[in-house]
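Worksheet: one structure, shown below.
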Number of protein chains: 2
Amino acid sequence: MEFNKISANILEAIVAVVGESYVLTSHESLEKYSHDETEDLVYYPEVVARPQTPEEVSALLKICNENLIPVTPRGAGTGLSGGALPVRGGLLITMERFNKVLEIDEQNLQATVEPGVVTEEFMNEVAAKGLLYPVDPASKGSCFIGGNVSHGSGGPRVVKYGTIREYVLNLQVVLTSGEIIWTGANTLKYASGYNLTQLMIGSEGTLGIVTKIVVKLIPAPTLDALMLASFPTNEAACAAVSAIFRAGIIPSALEFMERKGVEWVKQHDDIAFDLQDAIEAFLLIEVDGTNQDVIFTDCEKINAVLEEFDCRDVLFADSAAQKEELWRLRRTMAVSVKSNSVYKEEDTVVPRAALPQLIKGIKETGAKYGFESVCYGHAGDGNLHVNIIKANMSDSDWNNKLKFGIREIFELTVSLGGTLSGEHGIGLVQKDFMPIKYSDVHFALWKGIKQVFDPKGILNPGKIFS
Amino acid sequence: MEFNKISANILEAIVAVVGESYVLTSHESLEKYSHDETEDLVYYPEVVARPQTPEEVSALLKICNENLIPVTPRGAGTGLSGGALPVRGGLLITMERFNKVLEIDEQNLQATVEPGVVTEEFMNEVAAKGLLYPVDPASKGSCFIGGNVSHGSGGPRVVKYGTIREYVLNLQVVLTSGEIIWTGANTLKYASGYNLTQLMIGSEGTLGIVTKIVVKLIPAPTLDALMLASFPTNEAACAAVSAIFRAGIIPSALEFMERKGVEWVKQHDDIAFDLQDAIEAFLLIEVDGTNQDVIFTDCEKINAVLEEFDCRDVLFADSAAQKEELWRLRRTMAVSVKSNSVYKEEDTVVPRAALPQLIKGIKETGAKYGFESVCYGHAGDGNLHVNIIKANMSDSDWNNKLKFGIREIFELTVSLGGTLSGEHGIGLVQKDFMPIKYSDVHFALWKGIKQVFDPKGILNPGKIFS
């Protein structure tokens with residue numbers, strides 16, 4: 001696709017839409033928008049606009065559509081697949097001024113929220129009313145709910161409560177034509193034409209720009225229990241995962257952590273945690289509900305399962321503070337691991353019983369290609385984040401050889417019935433691996449859909465597929 | 001769209017694919033396929049084919065695509081919006097020989113099933129392993145799971161467990177080109193390109209023909225309680241619905257039934273049930289779980305809520321037989337009501353707190369246009385089925401005037417934040433009402449998507465939109 005540069009005239013039109021104080025052009029002010037949390041990648045936009053209303057977004061898209069200017073929508077910039085990187089320059093539209101919770105409807109247990117609201121802030125507002133919005137990615141303290149929609153985000157509680165896909169009821173979307181539509185209705189069920197809401201979720205800003213989000217809320221559980229189980233091998237920990245469900249329990253979180261991840265958190269964050277020798281892996285398991293007996297019984301059942309899988313020790317958190325400490329261990333792992341080295345993060349997902357084979361294969365591939373990896377993630381969903389660490393790998397190997405190792409990991413993932421990403425999206429950095437899983441027929445359908453929504457291809461070009 | 005008729009040559013090609021004994025052409029043998037459960041509508045196909053494999057479906061679609069023959073896919077024919085009616089003649093492909101549960105994977109809590117399996121039979125196979133597949137439309141004893149996918153079906157337990165949309169992980173689909181694809185992966189999460197699985201769900205056989213379905217299973221609850229609450233007015237019953245959720249309870253079913261529906265079931269089915277005077281409406285409320293104390297506490301809380309809404313009596317089912325009897329009352333209502341008269345069924349859905357306004361408006365519209373209606377449905381989801389009964393209405397009014405009344409009902413539904421169908425689909429009979437809710441922009445997007453999947457428009461023409 002041949003795009004145009006933003007000329008002085010076009011810049012003037014952009015300024016006329018949002019006002020001068022909401023347009024950034026200096027190299028210094030653009031720096032923040034030139035990267036997200038994806039590796040060490042940097043791409044500068046030509047101009048950043050900070051609109052506040054759907055009408056402003058509409059006017060911006062019309063200008064860019066008419067003038068063939070590439071547009072990159074951006075949430076909080078916490079993405080791990082490069083979805084918010086303006087790889088073709090052009091206009092970056094940041095949604096940071098769409099930062100209001102518009103309504104929490106306690107009659108219908110629904111909320112209407114703008115895409116630039118920080119996920120955790122929204123969760124807290126909802127919780128203050130005794131309600132639960134359970135989609136809490138590890139980055140919940142900084143990510144935007146709009147970015148969560150764009151990636152079909154999950155988080156630790158997906159295992160019981162489902163991904164954001166199960167909570168979004170309706171979306172206000174601005175199309176590249178400038179039209180503003182609602183994708184569906186504010187209802188719990190929908191059988192009224194092709195489901196555009198579900199199509200938008202996970203489309204990574206390539207089909208339209210989301211400007212309002214209606215989500216379902218549920219009554220909040222009032223009690224929970226948290227335990228940390230330690231295992232002598234990764235495989236033993238992973239094998240225990242599917243057995244817990246087979247015992248009839250659906251935990252509210254079931255997270256896997258490799259020893260090295262815990263070591264690095266301890267270095268980075270000074271978390272008090274006694275890391276025993278001969279322990280290679282952990283499962284962090286939460287059970288929630290409204291009745292202490294039920295939670296206690298569930299914990300006992302889980303304990304019985306864990307013992308069958310060579311579990312060495314189970315630590316029950318005995319206070320809110322200890323729970324918070326254990327969750328912090330898991331939540332800061334990504335940042336801690338990444339602060340140690342240049343990294344690449346892959347987001348593998350398989351049917352959960354295949355986890356032991358997956359982690360074994362990842363380590364074997366690492367040994368073969370000479371890279372170190374730290375794995376952690378939402379084991380209850382079969383979703384393992386693989387952080388590949390540059391450490392002492394040569395620049396040449398890192399740049400040239402590593403990609404073949406990553407390819408092998410994805411080939412294994414696919415051979416186990418899985419796919420390339422469970423919740424991080426494909427964005428820029430995974431798209432070359434998509435043909436491992438998907439055929440030309442898939443690409444033709446996807447590109448056809450893209451063409452329907454964005455005939456000129458201005459919206460987030462270079463993402464998901466080329 | 002100009003279609004061709006099935007010539008002798010084309011018929012020969014069809015026979016060559018599936019074998020002579022699986023091709024029907026006589027008027028008598030086609031009769032069964034000329035109608036579904038939608039009103040009294042009848043459309044004959046030219047030919048019916050009964051393939052057994054995806055490859056046969058592929059070959060049939062190739063023949064029809066090359067020769068511009070319209071194709072209508074058909075499940076069990078229990079649809080209520082005319083989705084399976086071959087309105088343009090052509091080839092009807094019945095999925096009745098895709099009738100095998102291919103795998104119940106107890107390690108991953110997943111199952112792979114063919115689309116022609118009767119929903120209840122699948123549920124029972126799953127239940128025999130202590131697992132739950134909870135998507136149970138009222139027609140579960142006769143409908144196919146493939147039809148459920150095509151309509152995004154729900155049922156009484158959606159309120160706690162979600163629609164089929166939350167259980168389908170992956171679909172094998174045959175496209176009109178004859179290509180056979182899997183839409184996604186057998187994983188609980190998916191962020192790897194536009195979600196074709198979710199797009200297929202609810203597409204009513206217009207984008208491709210589903211030949212295998214992978215669904216998520218969950219551990220089965222072991223206990224439940226069922227209560228029937230009676231109210232002096234429809235509005236009081238409907239008003240109680242949203243209050244139950246606000247009290248922190250998510251029942252496993254929350255069904256509304258109008259008095260007249262109960263009367264007609266009693267006439268039709270000889271169900272033992274003492275119908276008191278001055279009772280206009282009922283809520284059938286189920287709570288399930290694994291702990292008797294929790295269920296008991298939930299029932300007490302619900303009871304307290306009901307008392308605030310002028311509930312006159314609460315009957316607790318005290319045996320499995322009584323539970324079965326109360327469920328039979330609800331499940332046979334559609335058939336009982338319809339056996340009394342020619343009917344039209346509308347499938348309104350609104351945010352649940354709007355139910356009292358919806359039912360009040362429906363009755364006012366009926367009074368204005370002179371039609372009788374019987375309402376029942378999944379009140380916990382805000383989903384009300386409106387059965388409009390011809391009774392003594394003149395043929396002229398039924399054929400000419402009624403549609404304006406139905407339009408008013410849908411206009412009210414939309415004004416309350418709802419949409420035309422929650423689970424029955426748009427099919428043939430609701431498509432003229434779609435512009436009440438959806439703009440030209442929606443239609444252009446839908447038609448664009450249709451064009452991507454089915455460029456010649458052979459697949460289930462005349463459904464959802466014209």
Look at [options] and state which one has the largest set of heavy-atom pairs under 4.5 Å with chain B.
options: Gly382(A), Gly248(A), Gly193(A), Ala354(A); value: Gly193(A)
options: Pro219(A), Gly289(A), Gly427(A), Ala191(A); value: Ala191(A)
options: Ala444(A), Ala353(A), Ser242(A), Gly154(A); value: Ala353(A)
options: Leu199(A), Val159(A), Leu169(A), Thr206(A); value: Thr206(A)
options: Leu109(A), Val241(A), Thr297(A), Thr163(A); value: Leu109(A)
options: Trp182(A), Phe465(A), Phe443(A), Tyr438(A); value: Tyr438(A)

Side chain from CB out, backbone as N, CA, C, O: work out which of these in [X] comes under 4.5 Å of a heavy atom of chain A, or both, or neither.
X: Gln110(B); result: side chain
X: Leu175(B); result: side chain
X: Lys450(B); result: both

*Between Trp446(B) and His442(B), how do the two ring planes meet: parallel, tilted or perpendicular, split at 30° and 60°?*
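It falls in the tilted class, 30° to 60°.
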
_I'd like to know which of His424(B), Gln451(B), Glu106(B), Met200(B) tops the heavy-atom pair count under 4.5 Å against chain A._
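Most heavy-atom pairs within the cutoff with chain A belong to Glu106(B).
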
*For each of Ser439(B), Ser203(B), Gly202(B), Gly380(B), tally heavy-atom pairs with chain A at distances under 4.5 Å, and name the one with the top tally.*
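With the most close heavy-atom pairs to chain A, the winner is Ser203(B).
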
*Between Thr183(B) and Thr197(B), is any side-chain donor less than 3.5 angstrom from a side-chain acceptor?*
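Side-chain D/A pair, Thr183(B) to Thr197(B): present.
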
*If we ignore angles and hydrogens, is there a donor and acceptor under 3.5 Å between the side chains of Asn383(B) and Asp347(B)?*
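Side chains of Asn383(B) and Asp347(B): pair found under 3.5 Å.
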
